[in-house]
Asks: 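Input: one structure, supplied below.
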2 protein chains.
Amino acid sequence: MTDPAGPRATPTPPTSTAVARRAGVSRATVSYVLNGQAAGRVGERTQARVRAAAEELGYVPHAAARSLRAGRGSIVLLAAPADTAVAFGPLFARFLAGFQTALHHLGYTGVLHGAPAASPTAAARAWAELRPAAVLTLHGPPLDAPAVELLHRSGTAAVLTHGPSAPPGAHTLLLDQREAGLRAGEHLLARGRRRIGVVRPAEPGLAAFAESRLAGVRAAAATHPDAEVHPLDLALTEESAARLAAAWQERGLDAVFAYNDEYAMLLMRALQDAGHTIGTGAGGRIAVVGADDLLLARLLRPRLTSVRAEITPPERVAAWVAALIRDPAAAPTTHRLGTFHVEARDSG
Amino acid sequence: MTDPAGPRATPTPPTSTAVARRAGVSRATVSYVLNGQAAGRVGERTQARVRAAAEELGYVPHAAARSLRAGRGSIVLLAAPADTAVAFGPLFARFLAGFQTALHHLGYTGVLHGAPAASPTAAARAWAELRPAAVLTLHGPPLDAPAVELLHRSGTAAVLTHGPSAPPGAHTLLLDQREAGLRAGEHLLARGRRRIGVVRPAEPGLAAFAESRLAGVRAAAATHPDAEVHPLDLALTEESAARLAAAWQERGLDAVFAYNDEYAMLLMRALQDAGHTIGTGAGGRIAVVGADDLLLARLLRPRLTSVRAEITPPERVAAWVAALIRDPAAAPTTHRLGTFHVEARDSG
DNA sequence: TTGAAAGCGATACCAC
DNA sequence: GTGGTATCGCTTTCAA
């Protein structure tokens, strides 16, 4: 059957015309049968012939031709910069898997596309060429107003951006990073901490999240007249952490929200190496809180207290997106992508 | 300018016809100008008028229509199961970013798509509908022969699968996981270890990698008559690690290659909690080697020896792919995606 | 220097 | 029940 030298690209892939010829019917009939619109129109025997012909030829419909004709595409674009996997970790991978499957069941093709371009508008252009039914950003610089405008003008039915705020015309997927900071701050304040450091990662992709989390801690601190919040710049290197630890004494901080578990681990190590003690209780111990609740949080000593995100099931998010696609003129809506809570352990 | 209620999807996105009308020229002229084929054909002033019209209308070409007409698509599909980000970690994110940018410069659109379907053939069908210029798998179950056949028949010019072996007609991207095991094994043997455990992660997505790495360690051990290799099943939970640590004594292993840094961390912690000592040197110390060389490898105590992958620059991989697309009839080729070496530290 | 028209593949209306 | 056929947006050859 197969060419022993290995199959090569057929000069012309089978079209619905080829299927029609082979089955001895017209293209229209093929279309009806293969799209389930044949009920009461096409005879059983004919249907079987068509299906057999399609099978034998290895016919696969041409998505581009279909959506050209239909006037609407079926791809849902997840616009995610490269550092998304790093920022979200395994959480994101799991969500993405479920989301793509759910979209598939709804008749859409979920596809992840980075922004290879410099400006948001250039990226939006690249996405718009694919005429997606919807565009979602979960991370990174949110789309600006011109980018959203461009997508809408090119026919994108629904544009969803991550919060906290969305440009006009875009829906909002809210995974409010302020809330992460808020929970961490509340937790530390409830344990009597008053001089709280908040790590601001030097890694550029994380800046937006970091600022929101910092704002959250500040919001929590605002309820305590004697609470202070101090931003701490930290890069993901041992040197940077050592510098921070060396200057700890003079800052006199008694707690730190370390952005995430990885930064927390780095900082804990540096603080311990500098002779500080980490943990709950009084007596000069420094409370450390991470985020993401990775396995490593439980492996550190002391065990790391961590803010964990409870993510909305991907099926539900897919359903939202589908609904928004069906009603492109809908007023901008906001959907919570998840909530945060603190997993308390020994470190703070 | 903008509707204050927020822009809505325009009933009909601007087409090249609209641009032509606005500029007072024909569609052909618009096409020439906007694709840089206007040299010597269209006057300077006309070109300027066309460009201005396109700009004002927010015209974005319709990729589907273009590739339908051209007969060849421009999307390069990265077929990656959901656990890819987990398996590869930050390494993968960085590679992906560079790869998409490089493809963009070559005129292709790199897009990540999971396998929403149960069978490889069903997944291949979903991909084939997009008529990609190329399909790459970097991870997960490799495509089987029927899947590759299906893609080729639907016009995919190049199919690349990760090694070690590829189905007929597919090219191979080789990041030989056996080599990771081989390096780890050689390293441990050179340091006098003879009873080597190899972690086999219980997580299903990692099974293929794990077996290859185990095979690599076995290959290294084959050169030492008195060396033994023992597979160790381990899930990413503390309970699982504790069980393994409890049974360590009776196994009498003096070294372990822990699949990656995360499993290594987990196992190290369990071994230490069970009273074992980790590190180089004699005297009952257990040597532990991880992989991926994450930051955490340097933060653990003792510092974790780790096998690190040196990945081929994404620009080069993109160039390979582009070349294979241009020559669809080429005999199957093999490209090394990277090599492994050991970053020796204190743990083994 | 510019325009008219064919045609890529799939779909759905309207005849038969 | 089934088959012609116009149409989606774009590129490109050929003619003017």
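Values below: all heavy atoms of this structure, side chains included; hydrogens, waters and symmetry mates excluded. Chain A is the first sequence line, chain B the second, and so forth, proteins listed ahead of strands; every chain is numbered from 1.
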Asks: Applying side chain to side chain donor-acceptor pair (under 3.5 Å), name anything that partners B:Thr137, two or more places apart in sequence or on another chain.
Replies: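 Partners of B:Thr137 under the side chain to side chain donor-acceptor pair (under 3.5 Å) test: B:His162.
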Asks: My understanding is that only residues two or more places apart in sequence, or in another chain, count here; which of them pass side-chain contact (heavy atoms from CB on, under 4.5 Å) with A:Arg21?
Replies: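 Result, side-chain contact (heavy atoms from CB on, under 4.5 Å) vs A:Arg21: A:Thr17, A:Ala18.
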Asks: Using the test ring pair (Phe, Tyr, Trp, His ring centres under 6.0 Å), find all partners of B:Tyr59 that sit at least two apart in sequence or belong to another chain.
Replies: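 Residues passing ring pair (Phe, Tyr, Trp, His ring centres under 6.0 Å) with B:Tyr59: none at all.
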Asks: Considering only distance and modelled atom types, tabulate donor-acceptor pairs under 3.5 Å from the side chains of residues 43-52 of chain A, sequence neighbours left out.
Replies:
{"from": "A:Gln47", "atom 1": "OE1", "to": "A:Arg51", "atom 2": "NH2", "distance (Å)": "2.7"}
{"from": "A:Gln47", "atom 1": "NE2", "to": "A:Val42", "atom 2": "O", "distance (Å)": "3.2"}
{"from": "A:Arg49", "atom 1": "NE", "to": "A:Ala23", "atom 2": "O", "distance (Å)": "2.9"}
{"from": "A:Arg49", "atom 1": "NH2", "to": "A:Ala23", "atom 2": "O", "distance (Å)": "3.2"}

Asks: Categorize B:Gly71 for me: base, sugar-phosphate, or nothing, with a 4.0 angstrom heavy-atom threshold over every strand shown.
Replies: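 Contact class for B:Gly71: none.
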Asks: By the 4.0 Å heavy-atom rule, please label A:Ser67 as base, sugar-phosphate, or nothing.
Replies: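 Contact class for A:Ser67: none.
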Asks: Reading DNA chain D 5' to 3', which nucleotide is the first, and which the last, to come under 4.0 Å of any heavy atom in chain B?
Replies: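 For DNA chain D, the relevant span reads D:dG9 to D:dT13.
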Asks: Who passes side-chain contact (heavy atoms from CB on, under 4.5 Å) against A:Ser31, sequence neighbours left out?
Replies: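 Residues passing side-chain contact (heavy atoms from CB on, under 4.5 Å) with A:Ser31: A:Asn35.
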Asks: Determine, for nucleotides 9-16 of chain C in 5'-to-3' order, which nucleotides have protein heavy atoms under 4.0 Å from the base (write B), from only the sugar-phosphate (write S), or from neither (write -).
Replies: BBBBBB--
Asks: Extract all donor-acceptor atom pairs below 3.5 Å that involve side chains of residues 311-318 of chain A and protein atoms in other chains or at least two apart in sequence.
Replies:
{"from": "A:Thr312", "atom 1": "OG1", "to": "A:Arg336", "atom 2": "O", "distance (Å)": "3.0"}
{"from": "A:Thr312", "atom 1": "OG1", "to": "A:Leu337", "atom 2": "O", "distance (Å)": "3.0"}

Asks: If we fit an axis to the first five pairs and another to the last five of the helix from C:dT1-D:dA16 to C:dC16-D:dG1, what angle do they make, to the nearest 10°?
Replies: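 Both end axes considered, the difference amounts to 50°.
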Asks: For B:Arg45 and C:dT2, what is the distance between atoms CZ and P respectively, to the nearest whole Å?
Replies: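 Roughly 11 Å, once rounded to whole Å.
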Asks: With a 4.5 Å cut-off on side-chain heavy atoms, are B:Val135 and B:Leu160 touching?
Replies: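 When only atoms from C-beta onward are counted, B:Val135 and B:Leu160 do not touch, as no gap falls below 4.5 Å.
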Asks: Who are the ring pair (Phe, Tyr, Trp, His ring centres under 6.0 Å) partners of A:His335, not counting sequence neighbours?
Replies: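 A:His335 satisfies ring pair (Phe, Tyr, Trp, His ring centres under 6.0 Å) with A:Trp320 only.
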Asks: If the condition is side-chain contact (heavy atoms from CB on, under 4.5 Å), which residues does B:Ala170 pass it with, not counting sequence neighbours?
Replies: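 Scan of B:Ala170 (side-chain contact (heavy atoms from CB on, under 4.5 Å), adjacent residues dropped) gives B:Val148, B:Val159, B:Thr161, B:Ala166, B:Pro167.
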Asks: Return each pair, listed once, that meets salt bridge (Lys or Arg N to Asp or Glu O under 4.0 Å) where at least one residue sits in residues 25-35 of chain A; pairs must be two or more places apart or across chains.
Replies: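 Checked against salt bridge (Lys or Arg N to Asp or Glu O under 4.0 Å) - neighbours excluded - no pair reaches residues 25-35 of chain A.
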